[in-house]
Participant: 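Before we start, here is the structure in question, set down as structure tokens.
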Amino acid sequence: MTDYRTLRVALLGAGAVGSQVADLLLKHRAELADRAGANLELAGIAVRNVDGKRDTELPRELFTTDAETLINGSDIVIELMGGIEPARTQVLQAINSGADVVTANKALLATHGSEIFEAADQVGAEVYYEAAAAGAIPIIRPLRDSLAGDRVVRIMGIVNGTTNYILDRMDTEGADFGDVLAQAQALGYAEADPTADVEGYDAAQKAAILASLAFHTTVPLDAVHREGITQIDAAIIESARHAGYVVKLLAVCERLPAADGEATESISVRVYPALVERTHPLASVHGANNAVFVQAEAAGDLMFYGAGAGGVQTASAVLGDVVSAARRHIAGGVGVGESTRANLPTVPIGRVITRYQITLEVDDQPGVLATVAGILSEGRVSIATVEQTTIEPDAENPAAGGSARLVIGTHQAREQDLSETVERLAASGVVERVVSVLRVEGN
Ligand code: NDP
Ligand code: HSE
């Protein structure tokens, strides 16, 4: 057996992901040593409750509540606690004590990434975070290394497993939102506070991380436009299906050309539920899987697909980082810092151009369609398709006038124009209710 140098590995957190990482580190010790060129000694596991139930069988003596002591003297610190504090303080402690850090914590990186990367630069350490975006899918390394010689134009993807699991089950089985969310929690996909998933915060954090890497720019979380899926109900799913679409929570990061009077290109980073044509590859991303399309100037279109959440799946990405960190430790030299050289401005959502589907309930009277078309035309929103269906009169109130449902598909329009137009439609007197306005993405 090769006589490798031993590296001390500290693990912070033994929940859905951490317990699997610890298990694999112990189980595959010999193989990992050969790949890393070092023995990876799991020195301890910091948790809140040392007697808590774990998903894998782990030696009781490894557990501690004293993360600070565990971190000191470690070569590699794996942070899998989640949340901001104490994760931030302990990651900084690890860096300042000379350790490399591996983390899956997108909330931390999206809010304190600059501080953490700067601290690592100062001491020549490296922060690895492959698992922080899209779970088991290798996407950070391709963006940072494989595409380092190219220019990324657009990233579009499903980057949250919990919401994809919920939307998919609603679409394929007519499942209830609340029931499926509880199942996603039980399966270990959801964040400790699942609001982060269903309100789009988790996807926005990942979008900020991906856009920062792809566009060599620090994208602050508050520059990411975010909408969640809590407004998506069975009626919207059904209406999408009728029109040949499926609803997906998408993260879109794109490079925009410099507009008149602007000195530089800019970027748009946004997360929202959108309609995707059923024939599009993203429509067949089921369960907690994720998929990320990357469009680069020279490489063209690339697609990354796989498990976006789940303890053991995410542990694979974490362990890949641990092996990289170990190799770097053994080879020596300074860590590779984050590139923020382009420093592009992020535009507000109003500048975005995409297609829309607007669903309205209107008076079923002569001239109503013409009024609606007129308002859209005045607002520079061009109609691509219209479908009208009659709404059955209310049996308890037959005197009330008839109503119709209009589903309008638009050509590409500017978000600002579209939202002002929808406001004018709502106030027009012929529109009884704006049922939904959804972007159409995927072409
Ligand atoms: P869990 O909530 O399942 O586990 C968190 C672990 O951290 C627990 O062991 C907990 O200890 C420990 N912990 C929490 N707070 C403290 C604290 N203050 N001091 C010491 N220990 C603490 O989280 P996950 O494993 O699901 O997620 C971990 C990270 O990985 C998060 O950043 C998450 O966003 C990310 N991630 C998760 C994925 C998933 O599918 N679950 C996928 C990709 C990334 P105790 O057990 O004693 O309570
Ligand atoms: N809660 C996250 C998700 C975990 O559902 O995608 C993976 O980052």
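Just follow the structure's listing: the first ligand is 1, and inside any ligand the first atom is 1. All of these numbers come straight from a predicted model, not from anything done at the bench.
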Participant: Relative to the ring of Y165, is the ring of Y189 parallel (under 30°), tilted (30 to 60°) or perpendicular (over 60°)?
Facilitator: perpendicular
Participant: Can you report which non-hydrogen protein atom sits closest to atom 31 (C) of ligand 1, along with the distance?
Facilitator: G82 CA, 3.6 Å
Participant: Tell me the residues surrounding ligand 2, counting only those with a heavy atom closer than 4.0 angstrom, sorted by chain and number.
Facilitator: K106, N160, G161, T162, Y189, A190, E191, D197, D202, K206, G308, A309
Participant: Do E415 and Y356 have side-chain N/O donor and acceptor atoms under 3.5 Å apart?
Facilitator: yes
Participant: Any donor-acceptor pair under 3.5 Å linking the side-chain atoms of S324 with those of D321?
Facilitator: no
Participant: Are any of the N/O atoms on A192, whether in the backbone or the side chain, positioned under 3.5 angstrom from an N/O atom of ligand 1?
Facilitator: no
Participant: Going by the order shown, which atoms of ligand 1 are within less than 4.0 Å of some heavy atom of A309?
Facilitator: 40 (O)
Participant: Give me the nearest non-hydrogen protein atom to atom 36 (N) of ligand 1 as residue plus atom name, then the distance to 0.1 Å.
Facilitator: K106 NZ, 3.5 Å
Participant: Answer yes if the side chains of Y305 and N290 hold a donor-acceptor pair under 3.5 Å, and no otherwise.
Facilitator: no
Participant: Under 4.0 Å between a side-chain nitrogen and a carboxylate oxygen: does that hold for R241 and E277?
Facilitator: no
Participant: Within a distance under 4.0 Å of any heavy atom of E191, pick out the atoms of ligand 1 and give their elements.
Facilitator: 33 (C), 34 (O)
Participant: Just need the protein heavy atom nearest to atom 37 (C) of ligand 1, so name the residue and atom and give the distance.
Facilitator: V17 CG2, 3.7 Å
Participant: Please work out whether any backbone atom (N, CA, C, O) or any side-chain heavy atom from C-beta onward of Q313 is under 4.0 Å from ligand 1, and answer side chain, backbone, both or neither.
Facilitator: neither
Participant: Are the charged groups of R60 and D51 less than 4.0 angstrom apart, N to O?
Facilitator: yes
Participant: Near G13, which atoms of ligand 1 are under 4.0 Å from a heavy atom of that residue?
Facilitator: 6 (C), 7 (O), 9 (O), 12 (C)
Participant: Do S419 and E423 have side-chain atoms, one donor and one acceptor, less than 3.5 Å apart?
Facilitator: no
Participant: With a 4.0 Å cut-off, would you call K106 and E191 a salt bridge?
Facilitator: yes
Participant: Has A67 got any heavy atom lying under 4.0 angstrom from an atom of ligand 1?
Facilitator: no
Participant: Between E265 and R151, is the closest basic N to carboxylate O distance under 4.0 Å?
Facilitator: yes
Participant: Using distance alone, with no hydrogens and no angle criterion, decide if E338 and H216 have a side-chain donor and acceptor under 3.5 Å apart.
Facilitator: no
Participant: What's the shortest distance from atom 20 (C) of ligand 1 to any protein heavy atom, and which residue and atom give it?
Facilitator: V47 C, 3.4 Å
Participant: How about R439 and Q357: does a side-chain donor come under 3.5 Å of a side-chain acceptor?
Facilitator: no
Participant: Suppose we measure from atom 4 (O) of ligand 1 to each protein heavy atom; which comes out shortest, and what is that distance?
Facilitator: G15 CA, 3.2 Å
Participant: Nearest protein heavy-atom contact for atom 9 (O) of ligand 1: which residue, which atom, what distance?
Facilitator: A14 N, 2.8 Å
Participant: When you measure from atom 47 (O) of ligand 1 to each heavy atom in L108, N49, I45, which option holds the nearest one?
Facilitator: N49
Participant: Do me a favour and list the nearest non-hydrogen protein atom to atom 28 (C) of ligand 1 with residue, atom name and distance?
Facilitator: L80 O, 3.4 Å
Participant: Of all the heavy atoms in R54, does at least one lie under 4.0 Å from an atom in ligand 1?
Facilitator: yes
Participant: Is any NZ, NE, NH1 or NH2 atom of the basic residue among D171 and R278 found under 4.0 Å from an Asp or Glu carboxylate oxygen of the other?
Facilitator: yes
Participant: Do E227 and R270 sit within salt-bridge range, that is, some charged N less than 4.0 Å from a carboxylate O?
Facilitator: no
Participant: Does ligand 1 have an atom that lies less than 4.0 angstrom from a heavy atom of P86?
Facilitator: yes
Participant: Determine, for R351 against E262, whether the closest basic-nitrogen to carboxylate-oxygen distance falls under 4.0 angstrom.
Facilitator: yes
Participant: Atom 10 (C) of ligand 1: which protein heavy atom is closest, and how many Å away?
Facilitator: R48 NH2, 3.8 Å
Participant: Please report whether ligand 1 has a polar contact with G188, defined as an N or O pair separated by less than 3.5 Å (distance criterion only).
Facilitator: yes
Participant: Please indicate whether any nitrogen or oxygen in G310 is less than 3.5 Å from any nitrogen or oxygen in ligand 1.
Facilitator: yes
Participant: We want to know whether E420 and Q416 form a side-chain donor-acceptor pair, criterion being a heavy-atom distance below 3.5 angstrom.
Facilitator: yes
Participant: Under 3.5 Å, is there a donor on one side chain and an acceptor on the other for T103 and N105?
Facilitator: no
Participant: So if I count the atoms of ligand 1 from 1 in the order they appear, which ones are less than 4.0 Å from some heavy atom of A131?
Facilitator: 43 (C), 44 (C)
Participant: Determine, considering heavy atoms only, which of A104, G161, A315 sits nearest to atom 30 (O) of ligand 1.
Facilitator: A104
